[in-house]
J.: 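Take this structure, written in structure tokens, and hold onto it; I'll ask about it next.
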Amino acid sequence: VDICAGGISFPNDNYEKGASYDCKIKLTRDMEPFTAQVIIHKIDDKNICRCSIVNLTDEQDDLVHHYVLERQKEELEEKRKGQL
């Protein structure tokens with residue numbers, strides 16, 4: 001559903017609050033997925049898991065931060081274009 005610098009959210013598929021799960025994260029079509037671990041902190045009223053991403057290497061953490069920053073730039077540019 002969403003990803004930010006330190007977290008991710010996704011639909012609940014029988015996951016448990018407080019549990020940790022291994023996962024693979026693929027940020028773009030051109031990038032190979034990498035393994036990580038998520039800890040589910042909350043399952044909201046729309047049945048979305050709100051999690052932190054843990055056990056990333058420094059390089060993986062940088063990739064996530066860069067990806068999020070690029071998406072934020074794209075969103076701002078779209079908003080700017082919409083105001084012209």
Side-chain angles (χ1 to χ4, degrees):
V1 175
D2 194 22
I3 189 168
C4 66
I8 192 167
S9 61
F10 49 83
N12 184 14
D13 188 20
N14 295 317
Y15 299 111
E16 294 181 30
K17 179 182 171 187
S20 63
Y21 296 93
D22 293 329
C23 67
K24 288 192 179 221
I25 297 175
K26 184 171 178 137
L27 297 173
T28 67
R29 291 181 195 182
D30 301 331
M31 185 182 297
E32 289 296 316
F34 56 87
T35 58
Q37 190 175 44
V38 295
I39 299 173
I40 299 178
H41 298 288
K42 177 182 178 180
I43 300 174
D44 69 18
D45 58 351
K46 295 181 181 176
N47 210 28
I48 301 295
C49 296
R50 307 296 178 171
C51 313
S52 58
I53 306 169
V54 296
N55 296 335
L56 294 177
T57 65
D58 289 343
E59 181 181 345
Q60 291 166 335
D61 190 50
D62 287 346
L63 288 170
V64 171
H65 282 273
H66 179 74
Y67 176 81
V68 170
L69 179 61
E70 290 302 313
R71 298 298 75 73
Q72 289 171 339
K73 286 179 184 178
E74 288 173 5
E75 287 176 12
L76 288 172
E77 182 64 22
E78 289 299 316
K79 286 180 183 178
R80 187 185 68 76
K81 285 181 182 177
Q83 294 176 352
L84 295 179

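Just so it is clear, the values below take in all heavy atoms, side chains as well, and ignore hydrogens, waters and symmetry mates.
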J.: Between Q37 and N55, which heavy-atom pair has the shortest distance, and what is it?
T.: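 Taking Q37 first and N55 second, the nearest heavy atoms are OE1-ND2, 2.5 Å.
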J.: How far apart are the closest heavy atoms of A5 and D61, and which atoms are they?
T.: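 Closest pair (atom of A5, atom of D61, distance): O-OD1, 4.2 Å.
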J.: Taking side chain to side chain donor-acceptor pair (under 3.5 Å) as the test, write out the residues that go with H41, two or more places apart.
T.: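 Checked H41 against side chain to side chain donor-acceptor pair (under 3.5 Å); matches are S52.
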J.: Mind checking the CD1-CD1 spacing from I25 to I3? Nearest 0.5 Å is all I need.
T.: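 So the gap between those two atoms works out to 5.0 Å.
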J.: List for me each residue that meets ring-ring contact (aromatic ring centres under 6.0 Å, His included) alongside Y21, sequence neighbours excluded, and say none if there are none.
T.: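 ring-ring contact (aromatic ring centres under 6.0 Å, His included) list for Y21, sorted by chain: Y15.
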J.: Counting only heavy atoms from other residues, nucleotides and ligands, does the tally under 6.0 Å from CD of E32 exceed 12?
T.: no
J.: Going through the checks in order, is the side-chain contact (heavy atoms from CB on, under 4.5 Å) test met by C51 and I39?
T.: CA-CA 5 Å; C51 313; I39 299 173; 5.9 Å; no
J.: Using the rule that two of Ile, Leu, Val, Met, Phe, Trp, Tyr join whenever any of their side-chain heavy atoms come within less than 4.5 Å, decide whether V54 and L56 are in one cluster.
T.: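 No, because V54 and L56 fall into different hydrophobic clusters, even though each may have its own neighbours under 4.5 Å.
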J.: Please check if I48 and I53 belong to a single hydrophobic cluster, counting links between Ile, Leu, Val, Met, Phe, Trp and Tyr side chain heavy atoms closer than 4.5 Å.
T.: no
J.: Can you tell me if CD on E59 sees more than 12 non-hydrogen neighbours from other groups inside 6.0 Å?
T.: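 Atom CD in E59 is not crowded, with 12 or fewer foreign heavy atoms closer than 6.0 Å.
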J.: Look at atom NZ of K46 and say whether more than 12 heavy atoms of other residues, nucleotides or ligands are closer to it than 6.0 Å.
T.: no
J.: Nearest 0.5 Å, please: how far is NE2 in H66 from OG1 in T28?
T.: 9.5 Å
J.: Under 6.0 Å from the CD atom of E70, do we count more than 12 heavy atoms belonging to anything else shown?
T.: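 More than 12 heavy atoms, drawn from other residues, nucleotides or ligands, come within 6.0 Å of this atom.
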J.: For N47, does the CG atom sit with more than 12 other heavy atoms under 6.0 Å from it, leaving out its own atoms?
T.: yes
J.: Please check if L69 and V64 belong to a single hydrophobic cluster, counting links between Ile, Leu, Val, Met, Phe, Trp and Tyr side chain heavy atoms closer than 4.5 Å.
T.: no
J.: Could you tell me the separation between the CZ atom of F34 and the SG atom of C23, rounded to the nearest 0.5 Å?
T.: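 The SG atom of C23 is 8.0 Å from CZ of F34, to the nearest 0.5 Å.
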